[in-house]
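Notes follow once the structure below has been shown.
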Amino acid sequence: MPEGHLIHRYAREQDAALAGRVPALSSPQGRFDPGPYAGRALRTVEAYGKHLLYHFDDSPTLHVHLGMRGLFLRHADPAVPPRGGVRLRLATDAVAYDLIAPIRCEPLPDDGVRALRASLGPDPLRADADAAEAVRRLAASSGAVGAAVLDQSVWAGIGNAWRAELLFLAGLDPDARRPGPEVARRLWDLAVRYLALGRDAGQVVSDPDLPDERWVYKRETCRRCGAPVRRWDLGARTAYACPVDQPAAN
DNA sequence: CGACTATGGGCAG
DNA sequence: TGCCCCTAGTCGT
């Protein structure tokens, strides 16, 4: 499920497989017009937060956002016919990627790309992420820290599962407000470290020793102390937190 | 096999 | 606020 770590994983894999080539684009579903990309070389596949940007020579950037349900299927045999409903197939003679149920799949002119970048906060998985700016933005947020980290204009790429697990690792109550620079920096460093683990593993990893386990996300009890996990609505998503390990600041 | 849920997010209304 | 996106894993019947 597509939070930032999986978007970066897709970008890395597809960049390795497709960049520098002339992939064939098609839309079996018919809801995407591949015409502008016919015969165009793909320069790079870039991830920014939860967004994917496919940069082509002499064509608008292709913007993909998976939303909650979108996914890619990879076919080692590009001759395999796509299932119904494939919005976009990117294929070479060696591999095909089928995009299903994205919330966005569209050409994006340069000014749209600039606007998109400007709308996003630092992405902990990008090499060009500015940690000081990330700290500033989080510390400047006025609401609950648990809402701020889901705000893509504060930090880009964090979703609900990462929110739950990162705030647990930081010992931070999601309802806490106005985190200071030290707290914000600690949380950022956790995000940088753990999202990279998640990208490499292909799943949320919040305990490297037990990568399939979670501390509080979707759990009934805290995996560390056994206390009942508190769950409530925060930032239009269900928040999960341990009342013991993430005590309320007041 | 149907119901339910969910790791996003934009837009209509 | 509700709805959509040709989803998928899980659970109950």
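It should be emphasised that the depicted structure is a prediction, and the values quoted were computed from it without experimental measurement. Residue numbers start from 1 in every chain, and the chains themselves are labelled A, B, ... in the order their sequence lines are given, proteins ahead of strands.
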May I have the distance from [X] (atom [atom1]) to [N] (atom [atom2]), rounded to whole angstrom?
X	N	atom1	atom2	answer
A:Gln29	C:dT7	CD	P	9 Å
A:His5	B:dT7	NE2	P	13 Å
A:Arg219	B:dT7	CZ	P	17 Å
A:Leu6	C:dT7	CG	P	18 Å
A:Ile158	B:dT7	CD1	C1'	12 Å
A:Met68	C:dC6	CE	P	14 Å
A:Leu150	B:dG8	CG	P	7 Å
A:Asp151	B:dG8	CG	P	13 Å

Inset, instruction - Following the transitive rule for hydrophobic clusters with a side-chain heavy-atom cut-off under 4.5 Å over Ile, Leu, Val, Met, Phe, Trp and Tyr, establish whether A:Tyr10 and A:Ile158 coincide in one cluster. - result: no
Inset, instruction - Flag yes if A:Val45 and A:Ile7 sit in one hydrophobic cluster, no otherwise; membership is Ile, Leu, Val, Met, Phe, Trp, Tyr, and two members link when side-chain heavy atoms are under 4.5 Å apart. - result: yes
For the [atom1] atoms, the ones on [N] and on [M], what distance do you get once it is rounded to whole angstrom?
N	M	atom1	result
C:dA8	B:dG10	C1'	23 Å
C:dT13	B:dT5	P	14 Å
B:dC1	C:dC6	P	23 Å

Legend entry - Separation of A:Leu52 CG from A:Gln14 CD (nearest 0.5 Å): 6.5 Å
Legend entry - Proximal nucleotide (of B:dG9, B:dA6, C:dC5) relative to the A:Tyr240 side chain: B:dA6
Inset, instruction - For the side chain of A:Leu71, starting at C-beta, report the closest nucleotide among C:dC6, C:dT7, B:dT7. - result: C:dT7
Those residues that, when tested against [X], pass salt bridge (Lys or Arg N to Asp or Glu O under 4.0 Å) (two or more places apart):
X	answer
A:Arg104	A:Glu106
A:Arg237	none
A:Arg199	none
A:Asp245	none

Inset, instruction - For A:Asp77, look at atom CG and say whether over 12 heavy atoms of other residues, nucleotides or ligands are found less than 6.0 Å away. - result: yes
Counting just side-chain N and O atoms, does [X] come under 4.0 Å of either OP1 or OP2 of [N]?
X	N	value
A:His65	B:dG10	no
A:Arg237	B:dT7	yes
A:Arg83	C:dA8	yes
A:Arg163	B:dT7	no

Legend entry - Pair A:Glu133-A:Arg136, salt bridge (charged side-chain N to carboxylate O under 4.0 Å, His left out): steps then yes or no: CA-CA 5 Å; A:Glu133 177 64 14; A:Arg136 274 195 294 276; 2.8 Å; yes
Legend entry - Stacked cation flag A:Arg224 on A:Trp215, 6.0 angstrom / 45 deg: yes
Inset, instruction - With heavy atoms under 4.0 Å as the rule, sort A:Gly85 into base, sugar-phosphate or nothing. - result: base
Inset, instruction - May I ask you to list the residues of residues 201-218 of chain A, by number, that have any heavy atom positioned under 4.0 Å from an atom of DNA chain B? - result: A:Tyr217, A:Lys218
Legend entry - Contact residues, residues 98-118 of chain A to DNA chain B [heavy atom, < 4.0 Å]: A:Ile103, A:Arg104
